[in-house]
There are 2 protein chains.
Amino acid sequence: MAQRGRRTARVSGDERQDAILVTAEALLGERAFDDVSIEDLAGGAGISRPTFYFYFSSKDEVLLALLDRVITEVEHRVGDLPRDFESDPVGAWTRSIGMFVEVFVSHRGVSTAAIAARARNDEVRALWSKSMQSWVDFSSDVIRAEQARGAAPEGIDAHDLAVSLNLMNERLITAVLNQESPAIAESRALDVLSTIWIRSIYGSINPGRR
Amino acid sequence: MAQRGRRTARVSGDERQDAILVTAEALLGERAFDDVSIEDLAGGAGISRPTFYFYFSSKDEVLLALLDRVITEVEHRVGDLPRDFESDPVGAWTRSIGMFVEVFVSHRGVSTAAIAARARNDEVRALWSKSMQSWVDFSSDVIRAEQARGAAPEGIDAHDLAVSLNLMNERLITAVLNQESPAIAESRALDVLSTIWIRSIYGSINPGRR
DNA sequence: TGAGACAGTCAACACCGTGTCGAAAACGCA
DNA sequence: TGCGTTTTCGACACGGTGTTGACTGTCTCA
């Protein structure tokens with residue numbers, strides 16, 4: 001976005017702040033959070049290291065701001081999800097999980113950095129949990145509804161099941177994105193995950209319409 | 001797997017080396033790896049910081065040695081597991097998963113530190129994968145056998161399924177140990193996990209003896 | 001128009017943890 | 001006793017983080 005009209009000697013504060021965030025997201029795409037120094041962020045935004053502290057109080061604070069944007073996006077998307085589980089349970093679950101995968105993948109750098117930072121930073125941990133919690137709430141509501149209408153068997157607490165399955169997704173996707181071993185082919189991830197969800201929620205291979 | 005760390009032959013400094021490991025395991029029980037400095041390890045072992053480097057080349061090297069011990073224990077235990085899946089599939093899986101849980105829990109500090117260090121350190125990552133791989137191999141062998149004898153349905157690759165379920169275990173147990181949120185009650189973990197394993201491997205709530 | 005409030009900037013400094021080096025002490029063993 | 005090897009650590013270099021204080025533009029209102 002170019003500055004038109006009278007040339008101001010200074011770039012505005014907001015632009016600087018944004019430049020730091022843009023730099024951070026770009027650098028996280030190519031290397032790990034620990035390997036990005038505040039010097040790098042400041043340099044990328046065209047300011048000196050002390051000036052960085054005018055905008056953010058630490059490197060973690062930058063990650064937090066980045067994560068916050070992602071979380072906001074996730075919340076909107078969860079809300080927009082169609083809930084056609086009665087008519088097409090397999091399709092509905094697969095689309096939901098696909099969305100989960102999509103969010104992770106499209107913010108790969110931020111996601112993996114946040115997951116790593118979670119162990120160290122309270123605020124990152126809180127924000128991440130909040131997001132996971134929204135996924136868990138969504139899934140356990142649906143599972144509970146499916147159990148209530150007799151489509152899914154009781155015998156397992158809906159919340160416990162939802163937590164376990166969501167954590168599985170988080171972990172498997174991380175493994176795939178980081179090309180860990182053991183992991184599975186990225187192309188098969190969605191299929192495998194949704195199969196496990198369906199089988200463990202409905203207790204059978206083909207959930208009937210009942 | 002022998003002799004990580006100090007690679008010179010003589011025996012006399014073994015006590016020191018051991019004191020460092022003991023100190024490390026103790027400190028990892030009370031705080032995070034990042035919050036344990038080399039100074040702390042050296043102090044705990046009654047030596048100065050530079051002397052620490054005579055025994056280990058870095059803090060990560062200590063963690064690696066600790067992890068190596070745990071891995072060795074795991075390997076023995078996996079070998080000793082009874083394989084009575086034909087006669088009592090539910091019990092057999094539950095015992096296997098219970099063992100997995102047990103190993104994690106009994107080496108809580110080392111496990112969580114290793115999981116965190118994995119992102120940063122190649123050797124830790126390699127060692128951890130090797131262990132996970134042995135669990136995955138064990139599980140996928142059994143799943144494949146169950147599918148072959150007709151007890152479990154095809155329709156999902158045994159290896160992909162094994163990877164996903166094992167990663168779920170890793171992640172859920174970590175969440176429970178760290179008291180994350182979302183997580184589930186520690187007392188219910190084994191039950192929930194084995195239910196998900198059974199349902200997704202056998203495609204039904206009660207695997208028949210067939 | 002000019003005084004003060006305020007946003008923005010950075011050189012210089014303090015600090016902490018890691019890792020290195022070389023000199024010296026302790027320990028066998030002949 | 002004297003020699004080589006093992007073990008020890010003081011002192012130093014380095015890199016990253018975070019702080020301080022002084023300085024420079026810019027805006028605004030009397």
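Below, chain A is the first sequence line, B the second, and so on; all start at residue 1. Any value given below was found using the heavy atoms of this structure, including those in side chains, with hydrogens, waters and symmetry copies removed.
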Measure [atom1]/[X] against [atom2]/[N] and give the value in whole Å, please.
{"X": "B/Asp14", "N": "D/dT7", "atom1": "CG", "atom2": "P", "result": "9 Å"}
{"X": "B/Tyr53", "N": "C/dG17", "atom1": "OH", "atom2": "P", "result": "12 Å"}
{"X": "B/Phe54", "N": "D/dT6", "atom1": "CZ", "atom2": "P", "result": "8 Å"}
{"X": "B/Glu15", "N": "D/dT7", "atom1": "CD", "atom2": "P", "result": "11 Å"}
{"X": "A/Phe56", "N": "D/dT17", "atom1": "CZ", "atom2": "P", "result": "15 Å"}
{"X": "A/Asp60", "N": "D/dT17", "atom1": "CG", "atom2": "P", "result": "10 Å"}

B/Ser164 to A/Val192 - nearest heavy-atom pair and separation:
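Residues B/Ser164 and A/Val192, closest heavy atoms: OG-CG1, 3.3 Å.
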
If you check the B/Arg16 side chain, which of D/dA11, D/dT8, C/dC10 turns out closest?
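Among D/dA11, D/dT8, C/dC10, the one nearest the side chain of B/Arg16 is D/dT8.
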
side-chain contact (heavy atoms from CB on, under 4.5 Å) against B/Ala42, all qualifying residues, sequence neighbours excluded:
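By the side-chain contact (heavy atoms from CB on, under 4.5 Å) rule, B/Ala42 matches B/Ile47, B/Phe52.
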
Selection: residues 28-49 of chain B, any non-hydrogen atom under 4.0 Å of DNA chain C:
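Result for residues 28-49 of chain B: B/Ser37, B/Ile38, B/Arg49, sorted by number.
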
Strand-adjacent residues in residues 116-127 of chain A, judged by heavy atoms under 4.0 Å from DNA chain C
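Nucleic-acid contacts, sorted: none.
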
For [X], side chain to side chain donor-acceptor pair (under 3.5 Å) partners two or more places apart:
{"X": "A/Arg77", "answer": "A/Glu73, A/Glu102"}
{"X": "A/Gln17", "answer": "none"}
{"X": "A/Asp191", "answer": "none"}
{"X": "B/Ser48", "answer": "B/Thr51"}

Please report, to 0.1 Å, the donor-acceptor pairs under 3.5 Å made by any side chain of residues 56-69 of chain A, with sequence neighbours excluded.
residue, atom, partner, partner atom, Å
A/Ser58, OG, A/Asp60, N, 3.4
A/Ser58, OG, A/Glu61, N, 3.2
A/Lys59, NZ, A/Phe33, O, 3.3
A/Lys59, NZ, A/Val36, O, 2.9
A/Asp60, OD1, A/Arg120, NH2, 2.8
A/Asp60, OD2, A/Asn121, ND2, 2.8
A/Arg69, NH2, A/Asp18, OD1, 3.4

Not counting sequence neighbours, which residues clear ring pair (Phe, Tyr, Trp, His ring centres under 6.0 Å) with B/Phe100? List them please.
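Listed in chain order: B/Phe104, B/Trp135.
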
Decide salt bridge (Lys or Arg N to Asp or Glu O under 4.0 Å) for A/Arg118 and A/Glu170; before the verdict, give the C-alpha distance in whole Å, the side-chain angles of both, and the deciding distance to 0.1 Å.
CA-CA 13 Å; A/Arg118 194 175 48 180; A/Glu170 178 199 301; 3.2 Å; yes

With respect to the phosphate group of D/dT8, does any side-chain polar atom (N or O) of B/Tyr55 fall under 4.0 Å of OP1 or OP2?
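For D/dT8, OP1 or OP2 has a side-chain N or O of B/Tyr55 closer than 4.0 Å.
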
